[in-house]
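Before any comments, here is the structure.
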Amino acid sequence: TDPAFIRNFCIIAHIDHGKSTLADRMLSVTGVVSDRDMRAQYLDRMDIERERGITIKSQAVRMPWALTDESGFEQAYALNMIDTPGHVDFTYEVSRSLAACEGAILLVDAAQGIEAQTLANLYLAMENDLTIIPVLNKIDLPAADPDKYAEEIAGLIGCDPLTVLRVSGKTGVGVPELLDEATRLIPAPVGDPSAPARAMIFDSVYDAYRGVITYVRMIDGSMAPREKVMMMSTKSAHELLEIGVSSPEPTATKGLGVGEVGYLITGVKDVRLSKVGDTVTNFAKPSTQPLKGYSEPKPMVFSGLYPIDGSDYPVLREALDKLKLSDAALVYEPETSVALGFGFRCGFLGLLHLEIVRERLEREFNLDMIATAPSVIYEVMSDDKGVTTVTNPSEFPVGKITSVTEPMVKASILTPKDFVGTVMELCQSRRGTMQGMEYVGTDRVELHYTMPLGEIVFDFFDHLKSRTQGYASLDYEPSGNQTADLVKVDILLQGEAVDAFSAIVHRDKAYAYGVLMTERLKNLIPRQQFEVPIQAAIGARIIARESIRALRKDVLAKCYGGDISRKRKLLEKQKEGKKRMKMVGRVEVPQAAFIAALSGE
Ligand code: GDP
Ligand code: MG
């Protein structure tokens, strides 16, 4: 296809503003999916995506569109639409998708207005010099107030409010006009057709039958089937078994040229060999200049995953190996815990990523698991050991600690102005420092904070939502490390630390954490033959204490003189029960108690 008649664009929006619905509508308006085959959220393929109504992996689709000029001449175009994930955990994937486009449709719910991720995505699109097409969606809703929000958008991007398009992805109204406008306004891709090929990978997915499918945007040159190509970051070379476009079902083509968006299949079985952001070039005539933008996805949040049934451990290992094929950002290594047995310490991009992985393990591999409290990466300086990187609180070095640093984020929170007070209070209680605030429109405020990531991963979002009746939205990005007065709090049973409950907290919050956990355990652990002290400690210093009173009753006493088979049955039953018990020192603790304490039940 002549690049002059190609248009590449993405849709950017806050979550739930209707991106996927609009994308689906475009498929039916352009005729690439017949009404008969249409099902809700055609492009959100993973089950979890469809059920949660969120987009995790981006997808690209090619659609035909025709524009008729004043003289009545009809020009055919190829539109490539890239659906981007909307959640903060996947910002890197969003930014790669944007780099594959010349234009962005900025979609805003006409009943909600601009939200935190609308802004975050808009800024990313502007950094990539994309042509922005502002659009109000869901105008069919009775609560829609398009005039008001057109003003809001116009104030934000500096356009005339009358140029803000109004559509409904649900009913389809305004969608053909939107495609016309996108075709007119978005620039055609430019590139050098005779240069060595450079294709940017903006997505790569694992397919059980075909191996890795790599989605690319050709910048320069061209590629054809059977040709050998090379991934520039790893220098790994592969033959192209198939090259094609999705419209939306994969369709093989004779190749891809400048400005085109499509997929490559090389038979590779591991997404790590086809990394998002990497540049693909010809093997025979390689480019020497990779496209800018490759960066390794970095895990930010760590948690231990343990099978509830210890015999599931090999299944968990196999499941993680399999997930890793399709999720380059997931990292894991074996770990053992006194309390929970054998498991894995896993690293995730963020909390949503953690939840998705956990849900996929449970659903696709039928595993029951317990996850330990999420932790971030701390750098601990101690006299004996120098700098230690700690992703598991129980590995916090002992001895004299000279300093601890923790990862920080720049957070921006958008809230109706009535909730500003309560949001500020929450941010302060999470050790946030305010960096500024500004009005968006007339009744909403954007607050800027720097905050420790460790405070955000711990149910911050839930609190934010409940304090603002669900109205506030949050976006954040990493912002370096900072030292803080952090300590490890251990929880001890009969003087022995229970690793799964160790936590790294700010010194000011250590006491509260100690009291909470000792109380919880007191209520969860059954009484034993002897008294069991439960303590919280920082190093050797005890900061909280509870105890479980001793149990007097002897179970066998009841059977004294009774028949022997009843006695045996009772012992048998006790043995059964013990399997699910963990010994911590002399104390028998049902695993269920650990699980309940960790999940805060
Ligand atoms: P995404 O998170 O941006 O991909 O949003 P979705 O497309 O998943 O839509 C979120 C919710 O809004 C779903 O319940 C949709 O049915 C609903 N929705 C999307 N577009 C429209 C629209 O134009 N009108 C109305 N009334 N609802 C819509
Ligand atoms: Mg979606």
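As the structure lists them, so they are numbered: ligands from 1, and atoms in each ligand from 1.
Ligand-side atoms of ligand 1 in range of K138: 11 (C), 12 (O), 17 (C), 18 (N), 19 (C), 20 (N), 21 (C), 22 (C), 23 (O), 24 (N), 27 (N), 28 (C), range being under 4.0 angstrom from any heavy atom. Atom numbering of ligand 1 starts at 1 in the shown order; those under 4.0 Å from a heavy atom of D16 are 1 (P), 2 (O), 3 (O), 5 (O), 10 (C), 12 (O).
Checking K19, Q117, K170 against atom 27 (N) of ligand 1, the nearest heavy atom belongs to K170. Checking L136, V173, T21 against atom 19 (C) of ligand 1, the nearest heavy atom belongs to T21. For atom 23 (O) of ligand 1, the choice among G174, G169, A110, A144 with the nearest heavy atom turns out to be G169.
No donor-acceptor pair under 3.5 Å is formed between the side chain of T214 and the backbone N or O of S274. Using a distance-only test at 3.5 Å, with no hydrogens or angles considered, a donor-acceptor pair links the side chain of H14 to the main chain of Q117.
Contact annotation for A13 and ligand 1: no heavy atom of the residue comes within less than 4.0 Å of the ligand. Residue contacts with ligand 1 for L141 involve side-chain atoms from C-beta outward but no N, CA, C or O (heavy atoms, distance under 4.0 Å). For T171, no heavy-atom contact with ligand 1 is shorter than 4.0 Å. Residue contacts with ligand 1 for H17 involve N, CA, C or O but no side-chain atom from C-beta outward (heavy atoms, distance under 4.0 Å).
Ionic pairing of E355 and R358 is not present here: no N-O contact between side-chain nitrogen and carboxylate oxygen is shorter than 4.0 angstrom.
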Original post:
Run the side chain to side chain donor-acceptor pair (under 3.5 Å) check on T1 and R62 step by step: do they pass?
Top reply: CA-CA 12 Å; T1 313; R62 182 179 168 123; 2.9 Å; yes
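Checking only distances, I139 never comes within under 3.5 Å of ligand 1, N or O to N or O.
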Report, one line per pair, each donor and acceptor closer than 3.5 Å where one atom sits in a side chain of residues 261-270; sequence neighbours left out.
| residue | atom | partner | partner atom | Å |
| --- | --- | --- | --- | --- |
| Y263 | OH | E242 | OE2 | 2.5 |
| Y263 | OH | T251 | N | 3.4 |
| T266 | OG1 | V268 | N | 3.3 |
| D270 | OD1 | R272 | N | 2.9 |
| D270 | OD1 | R272 | NE | 3.2 |
| D270 | OD2 | R272 | NE | 3.3 |
| D270 | OD2 | R272 | NH2 | 2.9 |

All N/O donor-acceptor pairs, side-chain side in residues 151-174, below 3.5 Å, sequence neighbours left out:
| residue | atom | partner | partner atom | Å |
| --- | --- | --- | --- | --- |
| E152 | OE2 | I114 | N | 2.8 |
| E152 | OE2 | R444 | NH2 | 3.0 |
| D160 | OD1 | L162 | N | 2.8 |
| T163 | OG1 | D160 | O | 2.6 |
| R166 | NH1 | D147 | OD1 | 3.1 |
| R166 | NH2 | D147 | OD1 | 2.8 |
| S168 | OG | D140 | OD1 | 2.9 |
| S168 | OG | K170 | N | 3.3 |
| S168 | OG | T171 | N | 3.0 |
| S168 | OG | T171 | OG1 | 3.2 |
| T171 | OG1 | V173 | N | 3.3 |

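In this structure, K417 and V445 approach most closely via the heavy-atom pair CB-CG2, 3.8 Å.
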